[in-house]
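Report on the following structure.
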Amino acid sequence: MPVAPERARVDGLTPFQHFVERWRSCTACHLHTTRQQVVLCRGTIPAQVLFIGEGPGHSEDSLGEPFVGPAGKLLDDIIAQGIPESITYAITNLVCCLPVDEETGGKAVEPDDESIKACSVRLIEFVELCRPRLIVCVGKLAKDWLEPGYRYSIRIPRDIPQVSIVHPAWILRANVAQRGLAIQRCVVTVQSAVEQYLGVG
Ligand code: SF4
């Protein structure tokens, strides 16, 4: 992922490189037993807008970047339409390792609470690294966990405005008639939030 120039610390590593070193071999929750690799993020750091989804799928698990399958392509289209090129953004998930359904061996519908809580330490660190002025929750699970007041709310330690869009995977499963409207709603939500919180239209 492209990373904006950062001042290296005394040991020669940038804060982002430290972050990667700390988390790329993480075993803090049971998801480490079935993943191929830790899927941390993509985009630009620092980032003015941070998109937070749920968890990696099989494509992400094998390629090592979040949102690289069909849902990722759709998210990229929404971002391209919703934010001007001058705005920097990054993408990550609530969890960085593929949640596997123990019965089917396929991707679990969503990561379990314990894994989300374990990975929230990494997420908070990533938010600190990105210093976003806007967070976009991608999907209901991200909204539920990041919205203040939810029973396990992840405490993002900054007063950062948040908006939510439906998950692109949901849009892809919707019928054709619903799809166009859902995409348009996502674009308008992102566009309006960027205009309101970053003053860019
Ligand atoms: Fe660590 Fe997060 Fe992966 Fe769990 S999901 S093993 S906390 S990086």
Side-chain angles (χ1 to χ4, degrees), residues 1-3 6 9 11 13-47 49-72 75 89-132 135-148 150-158 160 162 164 167-170:
M1 62 182 294
V3 177
E6 298 173 289
R9 291 179 181 168
D11 58 11
L13 294 181
T14 65
F16 178 71
Q17 288 167 330
H18 272 282
F19 170 79
V20 173
E21 284 303 310
R22 252 195 313 282
W23 292 100
R24 70 177 180 179
S25 306
C26 175
T27 57
C29 81
H30 73 99
L31 297 185
H32 83 274
T33 60
T34 44
R35 72 172 182 230
Q36 285 188 59
Q37 55 190 314
V38 174
V39 181
L40 287 172
C41 53
R42 70 177 169 94
T44 302
I45 297 172
V49 184
L50 177 59
F51 292 82
I52 304 177
E54 299 176 357
H58 287 288
S59 308
E60 289 78 11
D61 185 45
S62 66
L63 293 171
E65 288 196 350
F67 283 94
V68 290
L75 180 61
Y89 68 89
I91 304 174
T92 189
N93 280 305
L94 292 173
V95 298
C96 290
C97 300
L98 173 72
V100 172
D101 184 312
E102 285 174 11
E103 283 183 18
T104 65
K107 182 181 186 289
V109 176
E110 42 184 59
D112 60 280
D113 289 357
E114 291 311 313
S115 302
I116 295 173
K117 279 192 267 185
C119 214
S120 67
V121 180
R122 182 273 324 164
L123 180 59
I124 289 168
E125 214 178 289
F126 189 62
V127 171
E128 286 291 311
L129 207 53
C130 288
R131 303 192 299 278
I135 287 177
V136 180
C137 303
V138 182
K140 185 175 182 312
L141 192 69
K143 177 179 187 289
D144 284 350
W145 279 85
L146 295 168
E147 200 174 70
Y150 185 69
R151 63 189 169 128
Y152 295 134
S153 287
I154 297 171
R155 291 176 185 277
I156 302 291
R158 285 171 183 271
I160 306 167
Q162 289 177 27
S164 306
H167 200 287
W170 181 91

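Both ligands and their constituent atoms are indexed starting at 1 by order of listing. Side chains included, hydrogens not; waters and symmetry mates left out as well; all remaining heavy atoms used.
- Per-residue contacts place Cys96 under 4.0 angstrom from the following atoms of ligand 1 (heavy atoms of the residue considered): 5 (S), 8 (S).
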Self-check item: Derivation of the salt bridge (Lys or Arg N to Asp or Glu O under 4.0 Å) call for Asp144 and Lys140
Solution: CA-CA 6 Å; Asp144 284 350; Lys140 185 175 182 312; 2.6 Å; yes
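- Comment: Arg24 engages Glu21 in a salt bridge, judged by a side-chain N to carboxylate O separation of less than 4.0 angstrom.
- If you look at Arg122 next to ligand 1, there are no close heavy atoms at all, none under 4.0 Å.
- Looking at heavy atoms from C-beta onward, Cys41 lies in side-chain contact with Phe126 at the 4.5 angstrom threshold.
- Of all the listed residues (Cys26, Ser25, Cys29, Ser115), Cys26 holds the heavy atom that lies closest to atom 1 (Fe) of ligand 1.
- Within the 3.5 Å criterion, the main-chain N or O of Ile124 finds no donor-acceptor partner in the side chain of Arg155.
- Electrostatic pairing of Glu125 and Arg122 does not count as a salt bridge here, judged by no charged N lying under 4.0 Å from a carboxylate O.
- Taking each of Cys97, Pro99, Gly55 in turn, the one with a heavy atom nearest to atom 3 (Fe) of ligand 1 proves to be Cys97.
- Near Cys119, meaning under 4.0 Å from any of its heavy atoms, are these atoms of ligand 1: 2 (Fe), 5 (S), 7 (S), 8 (S).
- Heavy atoms of Arg35 come nearer than 4.0 angstrom to ligand 1 in at least one pair.
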